[in-house]
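In each ligand, atom 1 is the first atom listed, and ligand 1 is the first ligand listed.
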Amino acid sequence: MCGIVGYIGAREAFPVILKGLERLEYRGYDSAGIALYNKGIIELCKTKGKVADLRAKADKEGVVNGSIGIGHTRWATHGEPNDQNAHPHYSNSGDLAIIHNGIIENYASIKEALINRGYEFHSDTDTEVLVNLIEDVKTNENVKLGKAVQIALNQVVGAYAIAVFDRTKPDEIVVAKLGSPLAIGVGEDEFFIASDASPFIEYTNNAIYLEDEQMAIVKRGRDVRVRQVRSDKPVNPYVQELKMNLEQIEKGGYDHFMLKEIYEQPEAIKDTYRGRLRINDGIVKMAGVEDNLGKFLNAKRIIIVACGTSWHAGLVAEYIFEELMRIPVEVEYASEFRYRNPVITQDDVVIAISQSGETADTLAAIKLSKEKGAFVFGVCNVVGSSISRETHAGAYTHAGPEIGVASTKAFTTQITVLTLIALKLAKSTGKITHSEFHNYLAELETIPVKVQETLKTDAHVATIADIYKDATNCLYLGRGYNFPVALEGALKLKEISYIHAEGYPAAEMKHGPIALIDEQMPVVVIATKKGHYEKVVSNVQEIKSRKGKIIAVVTQGDKDVSKLADHVIEVPETHELLTPLLTTIPLQLLSYHIAVMRGCNVDQPRNLAKSVTVE
Ligand code: F6R
């Protein structure tokens with residue numbers, strides 16, 4: 001959580017940093033600030049609120065000039081969101097300014113020691129403690145900023161991506177990373193620092209991604225010197241060429257990133273299977289799987305670890321893997337798994353799913369699984385992310401940047417990748433025949449067109465949203481492959497519209513939730529043909545007899561459910577195993593429209609952040 005940006009070069013730093021912060025707002029948006037070096041002083045502008053509030057404040061107070069600066073958009077951990085706790089923070093002398101994404105766990109004891117040495121604190125943050133610790137080391141040991149940062153970081157426990165500069169030596173920014181992401185954009189005689197590449201992609205395609213426990217001294221007009229924080233060993237920085245472009249991270253005419261990303265799904269799914277799904281050759285090509293085929297084929301069990309929407313994708317994958325591969329699969333919340341001393345053996349394959357590749361709990365679950373000897377495979381969207389580096393092997397979803405805080409295209413592309421893996425492995429073990437394999441591939445290839453067709457329900461879904469926008473509760477029901485879709489539909493609604501929603505396996509309704517149903521209760525039922533269709537029809541009848549309002553997602557041409565439901569949304573027919581890729585779409589649109597109609601901030605829902613880098 002929190003987004004950090006820095007600039008050092010010949011341009012005016014303020015507009016570069018401000019625009020960068022806007023792009024990183026998905027990481028946190030409860031306060032924002034910028035510090036710039038200007039003729040011997042550090043000019044600071046920070047405020048509670050969003051980057052737009054910072055822009056307004058800077059306009060009012062007069063924009064400061066400077067060609068070196070740092071900026072931050074915050075998701076509060078220590079201290080409530082207010083002006084004092086907003087970053088950047090100064091050291092007591094006013095010489096050092098810092099921005100920080102992460103948590104310093106032992107900040108309280110360090111703060112106490114610094115107070116005993118006469119330091120004063122003006123915020124409740126762990127970050128202000130860190131910048132004063134750096135200052136204390138710098139003064140007492142009489143070392144340069146880089147060395148002081150290194151010594152200080154060896155005293156802290158926790159996670160950090162930091163950028164710090166010194167008013168008395170304004171030709172460098174010192175950065176370091178552990179647990180939170182940090183990229184350095186390498187331009188012509190200029191450098192950019194950011195939590196991801198989006199703030200600098202219009203200036204340069206070249207980036208260095210720091211590894212954990214690495215720090216760098218970024219020198220104006222010169223170079224980037226990378227070292228290990230613990231051992232002080234120099235590291236040769238690897239400059240990557242990025243494939244991302246500016247268009248991908250802008251709204252492209254849509255009102256919200258979420259809507260843009262919902263509409264991108266046909267293309268995103270195609271990008272996910274492009275080059276992998278080769279119908280003519282009768283193969284699925286995935287290097288990460290092929291190189292480790294033995295691990296997968298000898299596995300006695302697959303454990304899937306993830307959080308939130310990615311966990312829901314994991315649940316869909318559980319049904320798919322068990323059906324196609326006949327191997328036991330367990331799907332775990334990473335946050336529970338990491339702390340409950342789970343039984344993990346060398347015969348397990350652990351699949352970690354994460355859009356951002358930075359989720360702290362998922363990362364910890366991966367480390368634990370590796371320690372216990374399991375083979376760990378990552379399914380990530382963000383290239384070069386911590387999870388993609390920490391896992392033994394993996395497959396990217398190639399969904400493109402997902403900026404809206406509510407995950408949409410990440411979910412469908414994760415399911416696509418996991419389906420490809422399951423098909424590849426089932427074919428390798430002979431669990432499915434060549435013709436079954438071929439049929440699945442052929443059907444998967446039709447999914448982008450079918451998603452496109454499903455998106456045509458948008459206007460109809462908006463009329464349903466208008467009817468239920470004032471609901472206070474909502475139930476989502478599904479069975480089999482569509483039970484996780486019910487969970488995902490409920491999560492989407494609650495996170496962006498703040499309506500309480502629950503997802504349930506349809507048959508579980510009788511064991512409690514049915515008591516909630518009355519004429520006020522909208523119930524979204526996923527009732528596509530095949531699978532347990534007749535059973536779902538019975539469930540729909542049970543809701544109807546209790547006067548619940550039924551919004552049914554059905555297969556085109558459906559008669560039975562359509563007779564009973566108050567509203568029907570049709571999706572094209574597909575193989576049962578692939579239905580989540582279609583049934584999810586109207587649920588995303590429903591929550592989107594309801595949230596917009598309720599006046600909610602769809603792309604930046606309250607209290608949330610896109611990338612949960614704290615546990
Ligand atoms: C919900 C949502 C979150 C994320 C979760 C995991 O719309 O976006 O529930 O799915 O925080 O994030 P990743 O996939 O980045 O590990």
Show me, by chain and number, every protein residue that has a heavy-atom distance under 4.0 Å to ligand 1. C307, G308, T309, S310, S354, Q355, S356, T359, V405, A406, S407, L491, K492, E495, V612
Taking atom CD of E508 as the centre, does the number of heavy atoms from other residues, nucleotides or ligands within less than 6.0 Å exceed 12? yes
Validate the cation-pi geometry between R74 and Y29: distance from NZ or CZ to the six-membered ring centre under 6.0 Å, angle to the ring axis within 45°. no
Closer than 3.5 angstrom, by distance alone: can the side chain of E241 be matched with the main-chain N or O of N205 as a donor-acceptor pair? no
Taking E502 first and then K494, would you say they form a salt bridge - that is, a charged N and a carboxylate O separated by under 4.0 Å? no
Does anything in residues 388-400 pair up under salt bridge (charged side-chain N to carboxylate O under 4.0 Å, His left out), and if so which pairs, sequence neighbours excluded? E211-R389, K370-E390
Does K177 make a cation-pi contact with Y160 (under 6.0 Å, within 45 degrees of the axis)? no
